[in-house]
Amino acid sequence: MSQHQTHEELRDQPAGELMKQLSDQTTLLVRKEVELAKAELAAKGKQAGIGAGMFGGAGMFGLYALGALTATLILALATALAAWLAALIVTAVYAAIGGVLALQGKSKVQAATPPVPESAVDSTKEDVAWVKTRAKSARQ
């Protein structure tokens, strides 16, 4: 059975054969749509993972930087300022760095949501519209 049959060839076939072809093609179409949805969800999952990793990186930076660099910077600033003011300045700088990293991570996670296979949904809608059009023209 060929993939592309003319209108005349289809008209000459018994209804049972046409229904079998419709069933086979519908099954194939559904399988392809499911494959497309899986691929799209995998890509979005990967993007969400990258965003989550950025959040983790922001947390690690905050912990290690506060341990090693904080003492160094506070001591360096304390030579020109009061120690409490030096500590406050270093804290504000680290908070700003952490905020920037958190915002970048948030944008990556938002880019991956909603986790809906949009291309597969659009393609399925097009397929349904095409089937409706073909069914309507076949009845006329």
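One-based numbering along the sequence shown.
- The shortest distance between side-chain heavy atoms of K108 and F55 does not fall below 4.5 Å.
- Both L77 and I74 sit in one connected hydrophobic cluster of ILVMFWY residues. Membership requires side-chain heavy atoms under 4.5 Å apart, directly or through other members.
- Looking at residues two or more places apart in sequence or on another chain, you find a side chain to side chain contact (heavy atoms under 4.5 Å, CB included) between K32 and L28, E35.
- Listed here is the closest heavy atom pair of A78 and A86: N-CB, 3.7 Å.
- The side chain to side chain donor-acceptor pair (under 3.5 Å) test applied to E33 returns S123, T124, not counting sequence neighbours.
- Residues L22 and W130 are members of separate hydrophobic clusters, defined by side-chain heavy-atom contacts under 4.5 angstrom among Ile, Leu, Val, Met, Phe, Trp and Tyr.
- Residues near L29 contribute nothing to a hydrophobic cluster around it, because no ILVMFWY side-chain heavy atom sits closer than 4.5 Å to its side chain.
- Taken to the nearest 0.5 Å, the CE atom of M19 stands 11.0 Å off from the CG atom of D24.
- Taking Ile, Leu, Val, Met, Phe, Trp and Tyr as hydrophobic and joining them when side-chain heavy atoms fall under 4.5 Å apart, one finds Y64 in a cluster with M60.
- Its side chain outside the 4.5 Å cluster rule for every partner, L36 clusters with none of the Ile, Leu, Val, Met, Phe, Trp and Tyr residues.
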For residues 89-105, which side-chain donor-acceptor pairs fall under 3.5 Å, sequence neighbours excluded?
from	atom 1	to	atom 2	distance (Å)
T91	OG1	A87	O	2.9
Y94	OH	A65	O	3.3
Y94	OH	T70	N	3.4

